[in-house]
Structures are given as C-alpha cells and as structure tokens.
Amino acid sequence: FPSHDTVYWLLIIAFIAVSNTAAQSANELLKVASNKVLFKNFKEAIPTLNKLIASEKNNELLSRAYFLRGKAQAGLKLPKEAIADFDKSILLLPDNVEAINQKGWVLLQQEKTEEALLEFNKAIEKNMTYADAYMNRIKALLKLNKLNEALEDIKKVVKASPDQVEPLLVSATIKKAMLDMNGALQDCNKAIDLDENETEAYQIRAEIRQALGNFGAAVLDLNLAIEIDDSNEMLYFQLANTYFSASDFKLAVKFYTKAITFNPKEASFFLQRAQAKQKLNDKSGACSDFSQAEKLGSLQATLLKKQFCR
C-alpha cells in the first residue's frame, strides 16, 4: 500500500491537474465565445458565456466573460444589459480598459455623449497609449463640437501610428471642420499614399476641393473612388452634389438617378434630384420626385412640394 505521504502528494497532483483542466476548459470556452462575437454571431455567443459565468471563480476569466457578453449584448442592441455586463467586468478588474472603453462606446451610441466622454477619459488615464479609446474620445469631442481638443487627441494617435490610414482621415475631417483646408488636404494625400484604394480618402479630398471651388478636381477624386467601389450609392450621390454645386444640373440628375438605382429608399436622393430638375425647368419630374421624397419621410420635400407643385 502507498504511504500517507505518497497519497497526499498524489491528491495534490490530481487537484492541480483538475484545476489546470478547468482553467484550460474556461480558456477554450472564452476563445469560442470570442470568435462568435468577432464574427457577429452574438446570439450564439451568449449561452456559452452564460455557462462560463455561472461556473467560473477566477476573477480575470470572469471579467473577460462579462466583457464579451457585454459586447454581444451591445451587438444585439441591448444597451442596458451591455452596460450592466461591462460594469461587472470592471468591478472584477478595475483596470480593464477594454470594458471601460466599450461602455463608453455604448453610451455614445445612445447619444449620452458627456457620460461616454467620462468613460473614455478613464480608459486613457489607465492606459495612455490606448489608441481605440483616443479614437472614441475624438468622436465624442466632435459631437460636442470641441474641435481643438479633438485635434490634440488625433495628433497623438497619428504620431503613434503614422502608417495607419484611419487616424489621418479623422485628422483631415477635423481640420476641414476648422477650415484648415491645406492641412486637411495633406492628411488625405498621406492616406492615399498609404492606401490608394481607400475610397473615404478620395471622398474627403473631394469635399475639400469642392469647398475650395475646384470642382474638376473633386469630380476626378470621386471618379477614382467609384472605380474602386462602383456599387456605393453615396459616391454617386456626392458626385451628383458636386455637379449640382458646379451648376451642371443635367449631370447632377444623371448621378442622382444612379444613386437611386442602388438605393431607392433614400429620401434625400429624390429630394436633391427634384431640386436639380427644378433648375432644368422640369416641373412634372421635380414634383414626382418631391412626392416620392415625401413618401419616404422628407419634411423638406413636403414644404417644397407645396411651394412649387401648385
């Protein structure tokens, strides 16, 4: 028979083996759930996370499970439940900046901008290099029209990640809003140098060039974007608006029509085409478009129809 000491150590080894197996099992469940959340299979992720939350005792793993369930709840448009899960995740691990940042993002989506800003501030205080929190704080600052603060934040992000396109485009948007058109153009040019297939860079550069009265260059940028993504209705709509601003109403109508082909449920497309047809003295065509825009919920179309279509 084995001695008492031998039995003791066999029990210890068995306990460690069981503990390691349990930890491995929990990590595997987290990995499965994380992949489901990543691929937006939110409903499928929740039962796995519920099971883990009910049985797990390790604070770090439990915090991660609440965080992932919060992301799933947010993906299912359940903000109250998402925030409750993020709060539980943060309570277990107060330095969980991912959970703090995600809570802020949910609040931002609910238009609770000031509350969201507080969460992004907390995340950044805990991790001064957390780029996602900076990007989200910038979005909150822009909603609050705090352009100077947003610009200071985006400078830090661009400096830390000079080879990333998204921060450059955000920087361009902020500078454009601050009427620093040359700075905005430089950011767009850098973004296009990094990725010549980035349609948003061409869109923003086209907006800047249009604002500067350089309609030909704006049209060129939008045509380049359309070559990359020829089924994006917003590119055709922006191109039509550019032609409208340049007083080329026939081409404006052509590209509003193209945008409508891709999305016939957007009221603004019909409203803008109606106004272009007005300029071409096509009263019946304009009134038909005003009526369609009105059916799709445009109050402006209702007012213009009353004025113009008597």
Partner set under salt bridge (Lys or Arg N to Asp or Glu O under 4.0 Å) for D95, not counting sequence neighbours:
K126
If every non-hydrogen atom of [X] is compared with every non-hydrogen atom of [Y], which pair is closest and at what distance?
| X | Y | value |
| --- | --- | --- |
| L92 | S63 | CD1-N, 3.7 Å |
| P79 | V106 | CB-CG1, 3.7 Å |
| A293 | A267 | CB-O, 3.6 Å |
| A201 | C188 | O-SG, 3.9 Å |
| A225 | T199 | O-CG2, 3.7 Å |
| A276 | V253 | CB-CG2, 3.6 Å |

Q272 versus Q275, side-chain donor and acceptor atoms under 3.5 Å
yes
Decide ring pair (Phe, Tyr, Trp, His ring centres under 6.0 Å) for F237 and F255; before the verdict, give the C-alpha distance in whole Å, the side-chain angles of both, and the deciding distance to 0.1 Å.
CA-CA 7 Å; F237 183 60; F255 288 105; over 10 Å; no
Determine, stepwise, if the pair Q278 / F290 fulfils side-chain contact (heavy atoms from CB on, under 4.5 Å).
CA-CA 10 Å; Q278 270 187 303; F290 280 135; 3.6 Å; yes
Working to the nearest 0.5 Å, report the span between [atom1] of [X] and [atom2] of [Y].
| X | Y | atom1 | atom2 | result |
| --- | --- | --- | --- | --- |
| I228 | E200 | CD1 | CD | 12.5 Å |
| Q203 | Q238 | CD | CD | 5.0 Å |
| L29 | L68 | CG | CG | 11.5 Å |
| I260 | Q292 | CD1 | CD | 8.5 Å |
| N214 | L220 | CG | CG | 9.5 Å |
| S268 | Q300 | OG | CD | 10.0 Å |

So does [Y] get a backbone contact from the side chain of [X], meaning a donor-acceptor N/O pair under 3.5 Å?
| X | Y | answer |
| --- | --- | --- |
| S171 | P167 | no |
| Y202 | E196 | yes |
| R64 | E60 | no |
| S161 | Q164 | no |
| S298 | E294 | no |
| S288 | S284 | no |
| Q110 | K112 | no |
| N41 | E44 | no |
| S89 | D85 | no |

Carboxylate-amine/guanidinium contact [X] [Y], below 4.0 Å:
| X | Y | value |
| --- | --- | --- |
| E152 | K155 | yes |
| E81 | R69 | no |
| E149 | R137 | no |
| K122 | E119 | yes |

Ring centroids only, cut at 6.0 angstrom: are Y66 and F86 within range, meaning strictly under it?
no
For F249 together with Y243, are the ring centres under 6.0 Å from each other?
no
Single-linkage hydrophobic cluster, 4.5 Å side-chain cutoff, [X] and [Y] together:
| X | Y | value |
| --- | --- | --- |
| I204 | V157 | yes |
| L107 | I100 | no |
| L212 | F244 | no |
| L147 | I208 | yes |
| V32 | V37 | no |

Worked verdict on E111 versus K143 for salt bridge (Lys or Arg N to Asp or Glu O under 4.0 Å)
CA-CA 9 Å; E111 301 297 331; K143 282 195 173 191; 3.2 Å; yes
Under the side chain to side chain donor-acceptor pair (under 3.5 Å) rule, what do T129 and N127 come out as? Steps first, then yes or no, please.
CA-CA 5 Å; T129 62; N127 184 349; 2.9 Å; yes
State which residue, out of I192, L169, L168, fulfils the side-chain contact (heavy atoms from CB on, under 4.5 Å) condition with E198.
L169
Whether Y236 and F262 hold their rings parallel, tilted or perpendicular, with breakpoints at 30° and 60°:
parallel
Min side-chain heavy-atom separation [X]-[Y] under 4.5 Å:
| X | Y | result |
| --- | --- | --- |
| K57 | L62 | no |
| E266 | E233 | no |
| Y134 | K156 | yes |
| K305 | C287 | no |
| L91 | K88 | no |
| T113 | L117 | no |
| F42 | K77 | no |
| V219 | L222 | no |

Would the number of heavy atoms belonging to other residues, nucleotides or ligands and lying under 6.0 Å from NZ of K139 be above 12?
yes
Take K176 and L185 through the test side-chain contact (heavy atoms from CB on, under 4.5 Å) and record every step on the way to the result.
CA-CA 9 Å; K176 180 167 71 74; L185 276 174; over 6 Å; no
Would you please test K277 and D289 for side-chain contact (heavy atoms from CB on, under 4.5 Å) and show each step?
CA-CA 9 Å; K277 287 178 178 178; D289 278 349; 3.1 Å; yes
Give the intermediate values and the outcome of side chain to side chain donor-acceptor pair (under 3.5 Å) for residues N241 and Y256.
CA-CA 8 Å; N241 286 337; Y256 287 133; 2.5 Å; yes
Would you sort out whether V97 and D132 count as a side-chain contact (heavy atoms from CB on, under 4.5 Å), showing the intermediate values?
CA-CA 10 Å; V97 291; D132 280 352; over 6 Å; no
